[in-house]
Each structure stands twice: as C-alpha cells, then as structure tokens.
Colleague: 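Take a look at the following structure, please.
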Amino acid sequence: MANVPEDLHYSKDHEWVRVDGDQAIIGITDYAQNSLGDVVYVELPKAGEEFAANEAFGSVESVKAVSEVFTPVAGAIVNINEALADEPEIVNSDPYGNGWMIRVKMSNPGEVDSLLTAAEYEDFTKAESE
Amino acid sequence: MLESIGLASAEELFDSIPSDLLLKRPLNTPAALSEIELLNRFEQMGARNAGARRTSFLGGGAYSHYIPTIVDHILSRSEFFTAYTPYQPEISQGTLQTIFEFQTLVCQLTGMEVANASMYDGSTALAEAVLMAERVTKRSKVIASSAGHPQYLEVVRTYVQHAGIHLELAQFDEKTGQSSKSLADAVDDQTAALVVQSPNFFGCIEDLAALADAAHAKGALLVVAITEAMSLGLLKSPGACGADIVLAEGQSFGVPLSFGGPYVGLFATREKYARQIPGRLVGEAYDKNGRRGFVLTLATREQHIRREKATSNICTNEGLIALAATVYLETMGRRGIQEVAHQCAQKAAYARKAIGSLNGYSLPFSAASFNEFVVRGPGNAAELLARVAKEKQIDAGIALSRFMSDRPNDFLVCVTEINSREQIDALVEGLKTA
Amino acid sequence: MTSGITKVTTHVSPNEQLIFERSQTGRIGYRLPALDVDEVALDIPAEFRRDDDLEGMPEVSEVDVIRHFVRMSTWNYSIDLGMYPLGSCTMKYNSRLNERVARIAGFANLHPLTNEEDAQGALEVIYELQQHLAEITGLPGISLQPAAGAHGEMTGIMIIRAFLDNRDGAAASHRRTMLIPDSAHGTNPASAHLSGFSVKTIKSTAEGVTDLEHLRELCSHGDVAGLMLTNPNTLGLFERNIKQICDIVHEAGGLVYMDGANMNALVGVARPGDMGVDVIHLNLHKTFSTPHGGGGPGSGPCCCTKELEQFLPVPRIVKSAESTFTLDYNQPRSIGRVKAFFGNYGMMLRALSYTLTHGNDGLREATEAAVLNARYVAAGLVENYEKPFSGPPMHEVVFTDKRQSRKGVHTLDIAKRLIDYGFHPMTIYFPLIVQGAMLIEPTESVGRQELDQFIAAMNSIASEALENPELVLNAPHDTRIGRLDEAAAARKPVLRWKPRE
C-alpha cells in the first residue's frame with residue numbers, strides 16, 4: 001500500500017505539493033517512485049526558471065524508463081534539491097522528505113485549492129491500478 | 001506439423017490475408033542456384049572490378065591498410081558474428097566486454113573521456129555530432145569547414161534540413177589548404193559548434209587548439225571529424241587540443257575497403273555530455289556476488305524508451321566492425337599504431353617530394369599533411385589518372401573534379417604503409433610519362 | 001617426494017580480464033616490414049604531434065590476443081549455438097556461403113571511389129539486389145544506401161516530407177502530423193521527429209489491429225502527413241484492413257510508410273506495394289539473413305512507388321541499354337545523401353547471395369516455414385500462458401505474463417529462467433501495449449525438435465512459477481555471472497577502463 005501523507009496536496013501526474021507560506025515544495029509520490037523502480041538520475045531546472053501550472057520541469061529516470069515531472073502550480077524556481085545529483089535513490093527511499101525536488105515561489109497560491117486531497121489522490125491511484 | 005495445429009495445407013497459414021492481396025504467381029526472381037553456380041557468378045562479377053587488382057594510392061575517406069590475419073579469424077567465430085545485440089547481459093558478456101574495450105581504445109586515441117559503442121560510419125557520426133551540439137548548446141547555427149569531405153557535408157545537410165539547424169560553410173585558404181582561420185573568424189555567440197575535419201579532405205592538418213579556443217570564447221563547441229583514423233597514431237589527439245566532440249571513420253583499423261561498407265563510426269565526447277551522446281553505451285556492473293560484468297547502460301537516452309525525445313533514432317551500431325577495429329588495435333597495440341602511422345607519414349613525404357619535383361607538377365597547398373596531399377598536374381586530372389591506370393595498372397589518386405568543378409587539374413594522393421618504395425617509384429614514373 | 005602443488009585453482013579463462021589488465025610493456029603482436037624510404041624530418045609542427053606515446057593502449061602478443069578473444073567468445077550465446085526466439089528480430093541462420101562471397105577479393109579490396117568502368121561487377125551486385133527487392137516488395141523505387149533499419153526509416157520519412165513539400169508548396173507546413181500506432185517500435189516516432197513531424201498515436205482495437213474509426217477521426221483534421229505502420233504488426237497479426245487503411249490516409253492527402261521489420265511473414269506471399277503502401281524500409285539483417293554481429297552492421301534499404309523515386313538518395317545505380325552500370329547524381333529533388341559511398345555494401349553481397357541461394361520458390365517456402373513454426377509454438381504454449389489476441393499469429397506471437405504475475409513471477413524472471421534451459425530469451429516488454437509482453441519469433445531456421453524443446457522449457461517454467469517460484473525469481477543460476485545491478489551502473493556510469501592512479 002503506497003504511503004499518502006494527509007498534509008499534502010496531490011496532482012493526477014503523481015506529484016505532491018507541501019505549502020510553506022507563498023512557496024511550494026514539490027516532489028513525486030510514493031506510488032510514482034514505486035512504479036518507476038530504482039531511480040538512477042533526476043534532471044532538474046535551474047533557480048530562477050519559470051514554469052506554468054502543469055508544465056514539465058524535469059524528468060526522472062530509472063534503468064528502463066524515463067518520466068517527465070510536472071509542476072502542479074505556476075511559479076519560479078527558488079532552489080532545487082542538489083543532493084539528488086549524487087544520490088538519486090533518495091527519491092525511492094524518502095519521496096516526501098529528503099527526496100523533494102524543487103521549491104517554487106507560487107505566482108498564484110490559490111492554485112493549490114484545485115489540487116487533490118490525500119483521500120482523493122488515494123482513490124485516484126486505486127482506480128488507475130485496476 | 002500443419003496437422004498438429006489443425007491446418008490442411010500451407011496456403012491456410014495465410015488465411016488472414018485478403019485473397020486479393022495474395023501473390024498468385026512465383027516471384028519474378030531467379031530460381032535457386034547451387035553453391036558451385038553461385039560462387040561462379042560472384043567470382044565473375046568480382047573479376048570485373050579491375051580497381052581491386054591495381055596498386056592503389058586512393059584515399060578520400062577510405063584507406064588501404066594492412067589487416068593482420070587474426071582479425072578476420074576472430075570475427076568469423078560463430079559466437080561473435082552470429083550473436084545478437086547484448087540485451088541479455090548474462091549470455092552476452094563476450095560482446096559486452098569487447099565493446100567496453102572498444103570504448104576505452106577510442107577514448108585513448110581521441111583523448112576524450114567517454115565514447116559510445118560505435119555509429120554506422122564517419123559521415124553519419126558527423127551528422128549526429130551536429131545534432132548533439134544543438135541539443136547541448138540550444139543554439140541552432142553550425143559553422144563547418146568547406147575543406148571537409150564533400151560526401152560528409154552532404155550527409156550533414158540531409159540530417160539537418162528539417163531539424164531547425166542552420167548550416168554555414170567557412171571557406172578554406174587557397175594557399176595553405178586549411179580553414180582554421182576562417183572558422184575562427186566566423187564563430188559568434190549564436191554558434192552551436194565549429195565543425196572541422198583534420199587532416200581535412202585535402203590532407204591538410206588544421207590548427208585544432210586555436211579553433212577550440214575560438215569556439216569556447218563564444219560558448220560554442222568544437223566538433224572534430226577524422227576520416228583517416230590512423231593519423232591519431234602520430235598527431236596530437238583532438239581531446240588534448242580542447243575538442244568537445246570527436247568523431248572518426250574507423251575503417252583504417254582492420255576493416256576491408258569492401259566498396260564503401262560496412263564501416264564503423266567512432267564517437268567520443270567529454271564526461272559532462274555523456275547523457276547527450278547518441279547510440280549505445282556499455283558500462284561496468286556487478287552481480288550480487290561482486291563479480292564484474294558489463295551491461296548496456298544509460299538506455300534512457302535511446303529511442304526504444306524516449307521515443308520522439310530520444311537523442312537519436314539509431315538502434316543498430318556496427319558491432320562486428322567495431323570488434324574488427326578492437327582486434328586490430330589490440331594486435332597492433334601502443335607501438336604498432338605509432339609505427340604504422342610513422343611509416344604512412346614517411347612514405348607520403350617521400351612520394352610528395354618526388355611528385356612535387358616532377359616537371360609540370362606542383363603541390364598547391366602549403367600546410368603540413370599526414371598521408372594525403374593534393375597534386376596539381378599538367379592537364380586534366382581525370383584523363384591523366386585514367387591513362388596511368390590503364391597503362392601502368394596504378395590508381396594514382398582521386399580527381400578533385402569529381403567533387404569540385406573549379407579544380408580540373410588537381411588530384412588527391414594517399415600513401416600508406418602497404419605502398420612499397422617500388423610502388424611509389426612506379427607511381428612517380430607513371431605520372432612523369434603520362 | 002611431493003610435487004609441490006598444494007592448491008588447485010581455476011584456469012584463467014572464465015575470468016578473462018580486460019586487455020588493458022593483461023598488457024605488459026614491451027610485448028608486441030605485429031611485425032611490419034622495415035621502412036624502405038629514407039627517414040626524413042617531417043614538416044609537421046611539434047605542437048600538432050602526439051606527445052603522450054599512446055599511453056594506456058595495450059601491449060600484448062598475438063597469442064595473448066587470440067586467447068583473449070576466444071575466451072570472451074565462449075561467454076556469448078549465438079545463432080550457431082541455438083534458437084533465438086526474439087520477436088521482431090528474425091534471427092535466422094547466417095549462411096557461411098554468404099560470408100565467403102563477401103570475402104571475394106574483387107569486392108573486399110575494391111575502393112568505393114574507384115571509377116565506374118573499373119567497378120562494373122560491384123555495381124551489378126547492387127543493381128541486381130535492387131531488382132530482387134523491388135519484386136519482393138512490389139515497389140520499384142529503391143535505395144540501398146541506408147546502413148540500418150532506423151536509417152532506412154529516417155530516409156523513408158524524409159521522402160514523404162519531400163513529396164509533400166513538393167506537391168503542396170507552402171501549404172505543406174500545415175501537414176506535419178505523423179500517425180503512429182500505440183504498438184510501434186521506438187524508432188518510428190524518433191525518425192518522424194528527425195523529419196520535422198510531430199506524432200499522434202492511433203489506438204489498436206481489442207483484437208490488436210488498427211482502430212479504423214480512430215484513424216478516420218485523426219485523418220479528418222487536414223494535418224496528416226502520413227501513417228507509419230508495421231504489417232504484420234508488432235503483435236504478429238496481419239492487418240486485414242490494410243487496403244482500407246491506405247485508402248483513408250491517401251484520401252486525407254497523406255502517405256503510408258511501412259516498417260518492414262516483419263517482412264519474414266510476407267516474402268513471396270504478399271507485397272506491400274500491392275497493399276497501397278507508398279514507402280517501406282527493409283532490414284537485410286532480419287529478413288535477408290545477414291549476420292547480427294553482436295549489434296551490427298545492418299542494412300536498411302528504402303523502397304518506394306514510382307512517384308516517389310525522384311526523392312530517393314543519390315547516387316542511383318542505373319543500367320544502360322548496353323548493360324553497363326553508371327551512377328546517376330542528376331536528381332534535383334533527391335533528399336540528398338544519407339551516408340558516404342554506397343551503403344553497407346558487404347551486407348548487400350550477403351543478401352544477394354541469400355536470395356540466389358533460396359531462389360524464388362525457396363524464398364516463399366522460408367516464409368511458409370516461418371509462419372508455421374510460430375503457429376506451432378503458439379499452439380504449444382497457449383495452455384500455460386495467456387495469449388491476449390485470438391487472431392492467428394503470422395511469423396511471431398505475443399503472450400502476456402498475467403497468469404504468472406498473479407503469483408509474483410514476471411516476464412523478466414521467465415526470460416532469465418529460460419537461459420538456464422539453454423535458450424536465449426524472447427523479446428520482452430515489447431510491444432508496450434501488452435502487459436509483460438513476451439514476443440516470440442522462431443523463424444524458419446528451427447527444426448521441430450528444437451521447437452518442441454523450447455515449448456517444453458517454457459511449460460516447465462510455467463509450472464515452476466506455481467510450485468517453486470524462487471527458482472524463477474533468482475534465475476539465471478547456470479551462467480558465469482548473475483543478474484547485474486543495472487541501477488547502480490546507470491547512477492555512476494563507468495564507461496571505460498582507466499589506469500590505476
């Protein structure tokens with residue numbers, strides 16, 4: 001059973017959002033890291049780059065697959081998780097904590113309200129795996 | 001067998017094909033030949049290729065070097081030539097380890113940090129290098145030397161025509177035969193890469209270090225192409241000169257001329273661009289008992305995973321030909337490659353001096369060369385060469401008029417370690433009296 | 001007196017190192033004739049000369065080289081050893097006669113820039129092979145220049161682009177969509193992208209063939225440049241509606257490209273040109289038996305209709321009324337060269353030898369045997385493995401691991417366990433639209449005995465998956481090395497040997 005923390009927001013592309021004032025910390029969910037398998041490389045943008053909601057900001061690679069990752073909210077990159085360059089496997093072991101990917105200054109903080117709650121995301125993933 | 005799967009005749013195997021699409025006559029191709037008849041047929045066709053029997057001084061992208069006997073012997077082992085791509089590493093370690101050695105040898109020769117498992121040939125490797133430069137720099141202008149192999153430049157044009165890349169040519173200097181200066185002058189901050197061949201199509205050695213500096217000063221890459229890979233046994237490696245991507249035609253390393261193919265493209269770059277490199281890569285890996293093995297890796301760059309966002313559409317490499325090059329390089333080794341290169345350069349210098357002293361002949365380009373050089377003859381080069389071929393059974397060179405209409409009397413001569421002094425003297429004599 | 005031998009160790013051969021680890025300074029494996037011209041000071045400036053003495057390159061003797069490669073060769077599976085049931089790869093017998101033909105000196109020693117008059121035999125080979133392939137495909141235009149399937153595919157898609165640009169002029173810029181089935185090989189979208197097309201995916205029906213309604217819908221927007229398909233498709237099923245499919249695309253103003261990877265089901269039986277296909281690429285290293293060589297060389301001829309001929313790469317090989325062969329460069333609408341010289345000529349020699357050895361009857365028989373063998377295997381496995389599509393498979397058949405995965409055993413495990421039974425695994429996880437796909441293509445080069453052994457092995461593994469799954473999950477057990485940690489290899493790639501510091 002995949003882990004789905006209550007206090008986060010979720011997208012249908014399997015990203016999570018943790019709100020911190022007008023900033024958002026974003027990563028991929030436990031369900032996503034489990035589907036991908038052992039992560040070998042994470043491609044992240046540079047600080048200052050801007051993205052629209054649902055735009056791809058990077059990608060996650062396993063041995064046999066690569067997936068784009070999308071930001072559920074619009075904004076500019078404040079900073080990225082540098083630790084993933086040397087240890088991409090943290091995404092597998094701690095997807096909601098040390099496996100975070102980007103921190104974004106939201107251009108429209110209200111956007112988080114249209115994201116899925118933990119319960120809604122859990123239902124969504126259950127439906128997907130059938 | 002048909003019975004066991006419930007069919008009455010072979011025709012029924014094709015029931016799912018609409019009958020109006022089924023061929024109702026035999027193919028209009030020849031009936032089967034026995035082995036004896038077949039060999040006769042091919043021997044007869046082979047005998048009509050007079051060019052294969054003559055003493056040759058032909059270069060221009062394909063080179064006559066000696067191939068040690070053991071190369072073909074090893075290639076002919078069933079386990080190498082009838083093996084498939086090594087997707088199942090546990091039963092493909094032979095192929096995988098030889099490719100790992102190949103990648104290492106290419107790095108050592110080119111002076112670069114990472115090399116792939118090979119490309120189709122030098123010309124397509126160049127096209128892929130141009131595409132890679134655009135990916136890495138995100139700039140769309142590429143400036144190439146006009147002294148590159150004309151067919152290589154044609155291939156690049158074909159590849160970039162719909163890729164949003166703008167290809168410009170920088171003209172070579174009529175006196176020296178080099179294009180280093182015009183390339184260095186042309187680079188700007190919109191340039192993705194400078195592309196230079198060295199030794200170039202005229203055999204002239206280009207100033208790679210100066211070009212690397214000029215390119216880097218504007219944030220551009222230096223792409224170096226090499227058609228005569230044996231030159232790496234004598235000339236400073238492009239990596240040591242500051243090149244960012246190096247590609248070469250590897251045919252000089254143990255691969256027969258075979259009328260143009262199959263050949264093998266060498267492709268190498270810096271470590272920081274490893275994830276942008278096209279083609280297959282073999283890496284070291286360990287099993288759970290700590291035993292070292294080798295495996296295809298970084299496959300996520302490739303088409304079967306990234307599909308339209310792949311670094312290239314390439315699937316096949318030139319496995320068996322890369323193996324030939326590997327066997328050749330390991331047989332000749334550190335000393336042998338340098339000695340072959342040394343002999344090529346010395347014999348070419350001998351030929352160049354002798355021809356240059358002939359009445360009516362001159363050497364139009366002043367730059368230093370390795371084993372190819374341009375000669376200007378007293379009259380139409382194509383006719384001259386045809387006469388020498390017919391009368392002396394010597395292919396003295398390649399008429400440049402085949403590629404450029406403004407050089408009717410020029411031809412390209414190549415000398416390698418297999419050309420004896422007698423042959424070179426006969427060449428000089430042949431040109432004198434033609 | 002004791003002999004002094006106190007310990008038995010294994011011979012070096014299972015643990016053959018890298019050549020660099022075997023290198024010993026001063027060893028040589030060659031001898032050149034002495035330099036026979038007077039040595040002079042070369043006019044190459046010092047700063048252009050190599051100064052590292054090729055440090056790190058190996059120094060070994062000829063015996064070292066032979067043992068090195070022969071030992072490594074023993075670690076490889078190969079067609080000469082046994083069947084490769086790899087779907088989509090057509091691993092048929094690589095004839096030794098073809099190898100002999102390729103080594104005939106009149107071809108092997110011929111320089112590609114030899115004048116036409118002195119290479120007539122070489123040009124005749126190209127011309128004749130072109131004739132055979134044109135007859136087999138039903139498409140008269142042909143270029144043998146592409147060096148591999150993906151290369152031929154790129155060539156074919158560029159020809160489509162050139163045709164549309166020529167026909168529609170500026171309006172062609174609206175036609176930039178290439179339709180590709182969800183079951184397609186990854187080279188298809190990659191090749192489309194290289195020609196400046198964007199890709200839209202067509203769905204397959206529950207029966208595994210192209211969804212005509214979806215095709216009609218996608219073709220109704222006026223932006224379709226063409227359709228890329230494989231027939232039989234990557235599920236081994238013949239697209240019955242191929243004529244209709246081609247009509248729909250043609251009516252919408254597009255062209256149809258066929259990936260010829262599965263021609264082994266069609267040679268001598270049906271022709272793509274008769275189906276309405278406009279351009280196709282062939283794989284000489286699949287259908288025409290040229291050897292895979294551990295990953296190449298290949299050869300990917302591109303064949304097309306008369307209308308598209310003018311766009312083919314140059315030079316074209318032409319036969320005059322006097323039966324001489326010449327090179328025609330005068331094709332102003334050609335897409336240009338896709339490779340230096342003529343293509344992978346050595347593979348053309350082998351392919352021509354193949355077609356002449358089989359003869360027209362033999363080519364058809366090979367196709368019949370290929371399809372029969374695949375059907376036989378399908379019938380033998382259907383009890384223990386789930387076959388997702390009921391249509392009769394052509395030369396290859398696909399199964400899914402649905403039954404086994406319920407017990408925790410997946411396609412990868414089954415593939416690795418098959419190695420212990422002495423077989424190379426089938427194609428796995430392709431096509432992507434089948435869960436845990438196992439794509440099996442025996443080819444015609446397998447006798448009934450070996451097919452029965454393969455079927456028995458697969459059925460045995462199915463039982464093991466139920467009764468003793470650990471055996472399958474930890475396979476292979478009998479190889480020199482076990483499953484490698486590919487994740488670690490991809491995280492910190494080591495792509496070359498380096499001397500110890």
Side-chain angles (χ1 to χ4, degrees), chain B residues 5 10 13 16 26-27 29 31-33 45-46 48-52 58 74 77-79 81-83 85 90-91 93-95 104 120 123 151 154 158 162 256 258-262 283-285 287 291 293 297 303-304 307-308 310 313 315-320 331 333-334 336 350 368 421, chain C residues 29-30 36-37 44 54 57 59 69 72-73 75-80 104 106 108-112 114 118 120-122 132 147-148 150 186 189-191 193 196 238 291 293-298 336-337 340-342 344-346 356 359-360 368 371 379 479 481-482 484 489 493-494 496-497:
Chain B
I5 56 170
L13 289 166
S16 55
L27 284 171
T29 57
L33 293 179
M45 287 194 283
R48 283 168 48 225
N49 300 325
L58 302 182
I74 288 169
R77 283 188 72 78
S78 299
E79 300 90 334
F81 92 94
T82 74
T85 309
E90 298 88 342
I91 47 178
Q93 286 298 301
T95 298
T104 303
Y120 307 139
S123 70
Q151 292 190 3
E154 281 179 60
T158 304
H162 305 306
S258 193
F259 205 49
E284 216 176 67
D287 73 3
R291 276 177 295 209
T297 191
Q303 39 66 32
H304 58 285
R307 300 171 72 91
E308 67 265 24
N313 78 336
C315 197
T316 312
N317 60 327
E318 292 285 301
L320 198 67
T331 301
R334 182 180 183 179
Y350 175 78
R421 187 196 181 118
Chain C
Y30 74 98
D36 56 0
V37 299
I44 303 173
L54 285 183
M57 277 194 74
E59 293 177 75
F69 285 97
M72 289 191 295
S73 74
W75 306 337
N76 269 3
Y77 191 88
S78 60
I79 292 180
D80 280 359
I104 290 172
N109 297 342
L110 191 61
H111 193 285
T114 302
D118 301 322
Q120 285 293 299
H132 291 192
S191 300
H193 188 67
F238 189 82
R337 273 188 176 278
F341 311 127
F342 301 100
N344 277 350
Y345 187 76
L356 290 173
N360 53 0
E368 289 170 357
V371 176
T479 49
I481 52 163
L484 294 165
V494 173
R496 56 158 293 180
W497 170 86

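Small disclaimer: the values here were computed from a predicted structure and weren't measured. Naming convention: chains lettered A, B, ... in sequence-line order (proteins, then strands); numbering from 1 in each chain.
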Colleague: Identify which part of Ala379(C) has an atom lying under 4.5 Å from any heavy atom of chain B, answering side chain, backbone, both or neither.
Modeller: side chain

Colleague: Do any N or O atoms from the side chain of Asp118(C) and from the backbone of Ala50(B) form a donor-acceptor pair under 3.5 angstrom?
Modeller: no

Colleague: Under a 4.5 Å heavy-atom cutoff, which of Leu54(C), Leu110(C), Val494(C), Ile79(C) has the most pairs with chain B?
Modeller: Leu110(C)

Colleague: Using a 4.5 angstrom heavy-atom cutoff, name the option from Arg337(C), Glu59(C), Gln120(C) with the most pairs to chain B.
Modeller: Arg337(C)

Colleague: Can you tell me how far apart CZ (Phe341(C)) and NE2 (His111(C)) are? Round to the nearest 0.5 Å.
Modeller: 6.0 Å

Colleague: Using a cut-off of under 4.5 Å on heavy-atom pairs, state which of Gly336(C), Pro493(C), Gly29(C), Ala108(C) scores highest against chain B.
Modeller: Ala108(C)

Colleague: Return the option, out of Gly106(C), Gly293(C), Gly346(C), with the maximum number of heavy-atom pairs under 4.5 Å with chain B.
Modeller: Gly293(C)

Colleague: Side chain, backbone, both or neither: which part of Leu33(B) has a non-hydrogen atom closer than 4.5 Å to chain C?
Modeller: both

Colleague: Look up atom CG in Asn76(C) and atom OG1 in Thr95(B), then write down how far apart they are to the nearest 0.5 Å.
Modeller: 3.5 Å

Colleague: Which pair of heavy atoms, one from Asn360(C) and one from Ala31(B), lies closest together, and at what distance?
Modeller: OD1-CA, 3.9 Å

Colleague: What distance separates Leu356(C) CG from His132(C) NE2, expressed to the nearest 0.5 Å?
Modeller: 5.0 Å

Colleague: When rounded to the nearest 0.5 angstrom, what is the spacing between CD1 in Ile74(B) and CG in Leu320(B)?
Modeller: 11.5 Å

Colleague: So which heavy atom on Trp75(C) is nearest to which on Gly94(B), and how close?
Modeller: CB-N, 3.8 Å

Colleague: Please look at Ser78(B) and chain C and tell me whether the side chain, the backbone, both or neither of the residue comes under 4.5 angstrom of a heavy atom of that chain.
Modeller: both

Colleague: At a heavy-atom separation under 4.5 Å, does Leu484(C) approach chain B through its side chain, its backbone, both, or neither?
Modeller: both

Colleague: As an exercise: rank Ala10(B), Gly293(B), Gly46(B), Gly283(B) by heavy-atom pairs under 4.5 Å with chain C and give me the winner.
Modeller: Gly46(B)

Colleague: For Ser73(C), is it the side chain, the backbone, both or neither that has a heavy atom under 4.5 Å from a heavy atom of chain B?
Modeller: both

Colleague: Identify which part of Leu13(B) has an atom lying under 4.5 Å from any heavy atom of chain C, answering side chain, backbone, both or neither.
Modeller: both

Colleague: Closest approach of Ala148(C) and Tyr120(B), non-hydrogen atoms and distance?
Modeller: CB-CE2, 3.5 Å

Colleague: Run the side-chain contact (heavy atoms from CB on, under 4.5 Å) test on Asn344(C) and Glu318(B) for me, step by step, so that the C-alpha distance in whole Å, both residues' side-chain angles and the decisive distance to 0.1 Å come before the verdict.
Modeller: CA-CA 10 Å; Asn344(C) 277 350; Glu318(B) 292 285 301; 3.6 Å; yes

Colleague: What option among Asn109(C), Val371(C), Thr479(C), Asp80(C) has the most heavy-atom pairs under 4.5 Å with chain B?
Modeller: Asp80(C)

Colleague: Looking at chain C, which one of Ala285(B), Pro26(B), Pro256(B) has the largest number of heavy-atom pairs inside 4.5 Å, strictly under?
Modeller: Ala285(B)

Colleague: Quick one: sort the Phe342(C) and Phe259(B) rings into parallel, tilted or perpendicular, breaks at 30° and 60°.
Modeller: parallel

Colleague: Would you mind checking which part of Arg421(B) comes under 4.5 Å of any heavy atom in chain C, side chain (CB onward), backbone (N, CA, C, O), both or neither?
Modeller: both

Colleague: Can you tell me which portion of Tyr350(B) sits under 4.5 Å from chain C's heavy atoms? Options are side chain, backbone, both or neither.
Modeller: side chain

